[in-house]
Amino acid sequence: MTVAATNWAGNITFGAERFHEPGSVDELRRIVAGSRSVRILGTGHSFNAIADTTGDLVSVAGLPRVIEPDERAGTVTVSAGMRFGELAGVLDRAGFALHNLGSLPHISVAGACATGTHGSGVANGCLATAVRAVELVTADGALVTIDRDAAEFPGAVVALGALGAVTRLTLDVVPAFEVRQWVYEGLPTAVLRERFDEIMAAAYSVSLFTGWRTDRIDQVWLKQRGGPDAPGTWLGAVLADGPRHPVPGCPPEPCTPQLGVPGRWHARLPHFRPDFTPSSGDELQSEYFVARADAVAAFDALDAVRDRISPALQIGEIRTVAADALWLSPAYERDCVAYHFTWHPDAAAVAEAVRTVEEALSPFAARPHWGKVFTTAPEVIRESYPRWDDFRTLLGEFDPAGTFRNEFIARHFPAT
Ligand SMILES: Cc1cc2nc3c(=O)[nH]c(=O)nc-3n(C[C@H](O)[C@H](O)[C@H](O)COP(=O)(O)OP(=O)(O)OC[C@H]3O[C@@H](n4cnc5c(N)ncnc54)[C@H](O)[C@@H]3O)c2cc1C
């Protein structure tokens, strides 16, 4: 059996009694229908126990590979376990693109959509906003398709793996495009405070990297769709004179090309290349979403406690995510700024730093990333999701016996 025993970060050892890797949807249906407790695993890149189970852990990576572009509909239908890296190359060769990608192409489409995974860009929704239909195996082994017209659709896309085993997704595509990536260094935080919206809208996708140690943002990554060459200085920041890695001390080779060299969308929108270990590779991560209107106040709140955050931190990242209508999306009905933290893999130090961040962001009804380390109380999270009750109702309808209900789901959505 090739299903991994731990998540990518190695901080979660799966508690499953049995591991499965079905080779067909029918085999998956039999496994699900015969299980009392089952969870589906994507590529295991989440940092908490969201994918874990004490029963059957099923990888969908072995299901028949599907990539079916439909030019007339403007969609592509893909198998759930497909990694973005593989999908993107095929789509691009067919003349299509996805509207955005996360920082790494290694993750599965279904796993990314299930947790509301996102990239950056003021006009770009999370990756799940591209979903037009979801096909899934429900607890009784039935194969159902939920498309955008269905009443339950907004609850069934960012669904934390709790409604069933997703087998295929149909995604919106756009015409393929080119991107140029530029990196600036040393943006004064005083300028960021004054011109936050302008800076985050300065390119198709903008990421700010900060170690929360000084009064400057370490790096600003601008992913431009075309456009002129970037000037040598910008708002007090200086154009980098060579390729950079966002994590201090890491060589730049794992990163996508910079210095304005034009490239395909999928070779620039992620920060990391598919054939390398992404990020530092030895880390934990947390991330919190606040309303864009609170961006500067939230920045100030974090800056005020930076001496308590920075010792545990490898690097922090600030991105934007456009509002959407998906009930459990961290960007549900609010344009967001996402404050991300790549921690050193020291559980005790991370726990302390996470508490500090959560306390600092508590005035802003911050929503934690579902796939990262957080300790925000379930009742606090519930308050920030207006459709929380509707999702719980959906859970009762799709999975009345709680077959997909692991400890994570039970904690956040207790059975009625
Ligand atoms: C180095 C690194 C960089 C990252 N960068 C970003 C980033 O830029 N932006 C961001 O938002 N996040 C980021 N993440 C977090 C990551 O995108 C999410 O945790 C994502 O959910 C991982 O996808 P996965 O395929 O590994 O899913 P898993 O971690 O395997 O699973 C996540 C959830 O999806 C469910 N699931 C997976 N497949 C299915 C299926 N077929 N049917 C039903 N449920 C399913 C699981 O049960 C689980 O609940 C990063 C993580 C790492 C390790």
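We number each residue from 1, following the sequence as shown. Heavy atoms only: backbone and side chains are in, while hydrogens, waters and symmetry mates are out. Atoms within each ligand, like the ligands themselves, are counted from 1 in listed order.
Neither the backbone nor the side chain of Trp370 comes within 4.0 Å of ligand 1, counting heavy atoms alone. In Arg319, the part holding a heavy atom less than 4.0 Å from any atom of ligand 1 is the side chain. Residue contacts with ligand 1, taken as heavy atom pairs separated by less than 4.0 Å, involve Val166 via backbone and side-chain atoms alike. Looking at Arg39 against ligand 1, only its side chain comes within 4.0 Å, counting heavy atoms.
Close contacts of ligand 1 with Ala165, meaning ligand atoms under 4.0 Å from a residue heavy atom, involve 42 (N). Applying the 4.0 Å criterion to heavy atoms of Gly102 picks out, from ligand 1, the atoms 8 (O). Distances below 4.0 Å separate heavy atoms of Ser108 from the following atoms of ligand 1: 25 (O). Interface atoms of ligand 1 facing Ile107, defined by a heavy-atom separation under 4.0 Å, are 17 (O), 22 (C), 23 (O). Annotation for ligand 1: atoms under 4.0 Å from non-hydrogen atoms of Ala110 are 38 (N), 39 (C), 40 (C), 41 (N). Listed by number with element, the atoms of ligand 1 under 4.0 angstrom from any heavy atom of Leu160 are 49 (O).
Of the protein's heavy atoms, Ile40 O, 2.6 Å lies nearest to atom 47 (O) of ligand 1.
Atom CZ of Arg319 is separated from atom CG of Asn100 by 9.5 Å, given to the nearest 0.5 angstrom. Atom CG of Asp282 is separated from atom OG1 of Thr342 by 11.5 Å, given to the nearest 0.5 angstrom. Note that OH of Tyr332 and OH of Tyr385 are 11.5 Å apart. Values are rounded to the nearest 0.5 Å. Separating the CG atom in Asp399 from the CZ atom in Arg405 is a distance of 7.0 Å, to the nearest 0.5 Å.
Side chain to side chain, His99 and Asp172 fail the donor-acceptor criterion of an N or O pair below 3.5 Å. In summary, the side chains of Ser207 and Ser120 do not present any donor paired with an acceptor at a separation below 3.5 Å, with no hydrogens or angles considered.
Contact check on Arg411 versus Glu407 returns a salt bridge, with a Lys/Arg side-chain nitrogen under 4.0 Å from an Asp/Glu carboxylate oxygen.
A search for side-chain contact (heavy atoms from CB on, under 4.5 Å) contacts involving Ala267 returns nothing, not counting sequence neighbours.
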